[in-house]
There are 2 protein chains.
Amino acid sequence: MKDIVTVSEAIVTREGAQALTMRRLAKELDTSPMAMYRHVADKDQLLVLVLDRIVARIERPALPEDPRQRLTVLWCLLHRELSRHPWAVEVLAAGDLMAPSVLWLVESILGAFVDAGLDHPAAATAYRAVWHYTVGEIFVQTATDRRTAELDRSPLSITMVSEVEQETMPHLAKLADEWTTARKSDAYPSGLSALIDGFITTA
Amino acid sequence: MKDIVTVSEAIVTREGAQALTMRRLAKELDTSPMAMYRHVADKDQLLVLVLDRIVARIERPALPEDPRQRLTVLWCLLHRELSRHPWAVEVLAAGDLMAPSVLWLVESILGAFVDAGLDHPAAATAYRAVWHYTVGEIFVQTATDRRTAELDRSPLSITMVSEVEQETMPHLAKLADEWTTARKSDAYPSGLSALIDGFITTA
DNA sequence: ACCTGAACACCGTTCAAGT
DNA sequence: ACCTGAACACCGTTCAAGT
């Protein structure tokens, strides 16, 4: 049955990867947990199958001429899609986003880096750096969200610093207020353009 | 007993965070699992305690005058220490590295960004961007290592592309060979300097 | 104060047995 | 071929009872 993947996706998008258990999945399919192992090697493989289906649905956007703009469009697209499925980051991380169904995206990004003046090895390095930045951004965002949800208090505050160590840590003290608001705003594009600029201008 | 933290650290540095279970910890301390709950609220808190101890041991390095060089030294230091304890990334991620014992590091980094010409909000943004990059790099590295260890094959290869889609994906095809070697080399510094350059030159 | 055993409510996965 | 029940070897955590 391929419904296994469909039902798994429903669970995972609604409640996250940790909600997907073989027992739960079997129950929703009205069979026994062990029946799953006829169709899927183990839980990891199941997650990969779900991910592949989601990622295959990403639509190819219209791409601007300018390579720098193209890079922004492509990476922001990827970032947006992954933000919707933060559980996927863990699955993806090991493979540098090598699911066959998004190879067009990787190819487009590499092409844009090349068009911007990088040679092929440099484009690969740049690709991996931005990929790490993207993964990290989503990972930290997700971890922060989860933690603030569990404990219902604001994320680890920096305010203690402003009270205790005004003189020894002037910069932290100065930022105490802005820190929390900065965290909320979507800072992905700013880091992205810094990273792209850095790679392009060095080339 | 504070030995709880000591024993936990030993387990965690030797075998990773997933090897630390309350039952295992209790066994190594010759007590019952439930005795732990007298000294520690839950497993998460225990990991935070271990992390805090490790991080407190990071020694303050001699810092160069030049802010750009200072940033490189500081971030590479942090990256190196965290690479040694990849399990910690998950614990740290939620808090933007706000453990009191490393505030000096955060302060130094912010100071270097300011000395390089950023105003305070920009320094905070830059800090967070590089933090995300650092977390992502370690996260991907760890995930790749783990996966290649479990399956004893090379990481998800790109070679299928070079065979099947030579014409439609020329850049990927061209990089097929170099990809795996690129993954091995330590590319952290290159992305770091691109990111720093990008932020400094825009300021 | 601190520790204990037994239990609860779970996991992923194996294995022999069924149809 | 596919499914099943029972079991294995685990988890974190609670709770009433012990010293």
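In what follows, chains are A, B, ... by sequence order, proteins preceding strands, each numbered from 1.
Looking only at distances, a side-chain donor or acceptor of B:Asp42 sits under 3.5 Å from a matching main-chain atom of B:Gln45. For the pair B:Tyr188 (side chain) and B:Tyr133 (backbone), a donor-acceptor distance under 3.5 Å is absent.
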Structure string for DNA chain D in dot-bracket form, Watson-Crick and G-U at under 3.5 Å, | interchain: ||.|||||...|||||.||
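Scanning for salt bridge (Lys or Arg N to Asp or Glu O under 4.0 Å) contacts around A:Arg68 gives A:Asp197, with sequence neighbours left out. With sequence neighbours left out, the salt bridge (Lys or Arg N to Asp or Glu O under 4.0 Å) criterion links B:Glu9 to B:Arg57. In terms of the salt bridge (Lys or Arg N to Asp or Glu O under 4.0 Å) criterion, B:Arg60 has no residue partners (sequence neighbours excluded).
What separates CE of B:Met36 from P of C:dC2 is a distance of 12 Å, to the nearest Å. Atom CG in B:Asp30 sits roughly 14 Å away from atom C1' in C:dC3 (whole-Å rounding). Rounded to an integer number of Å, the gap from CG of B:Leu29 to C1' of C:dC3 is 13 Å. Note: CG (B:Asp3) to C1' (C:dC3) measures 16 Å, nearest angstrom.
Aromatic ring pairs are classed by plane angle as parallel below 30°, tilted from 30° to 60° and perpendicular above 60°; the pair A:Trp131 and A:Tyr127 is parallel.
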Nucleotide-resolved protein contact map, nucleotides 12-19 of chain C, B/S/- at heavy-atom distance under 4.0 Å: BBB-----
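Evaluation of the side chain to side chain donor-acceptor pair (under 3.5 Å) test over residues 102-116 of chain B, restricted to residues two or more places apart or in two chains, returns A:His171-B:Glu107, B:Arg70-B:Asp115.
The side chain of B:His39 places an N or O atom within less than 4.0 Å of a non-bridging phosphate oxygen (OP1 or OP2) of C:dC3.
Distance noted for atom P between C:dC10 and D:dA9: 22 Å (whole Å).
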Side chain to side chain contact (heavy atoms under 4.5 Å, CB included) between A:Leu118 and A:Thr125, worked out: CA-CA 10 Å; A:Leu118 309 205; A:Thr125 306; over 6 Å; no
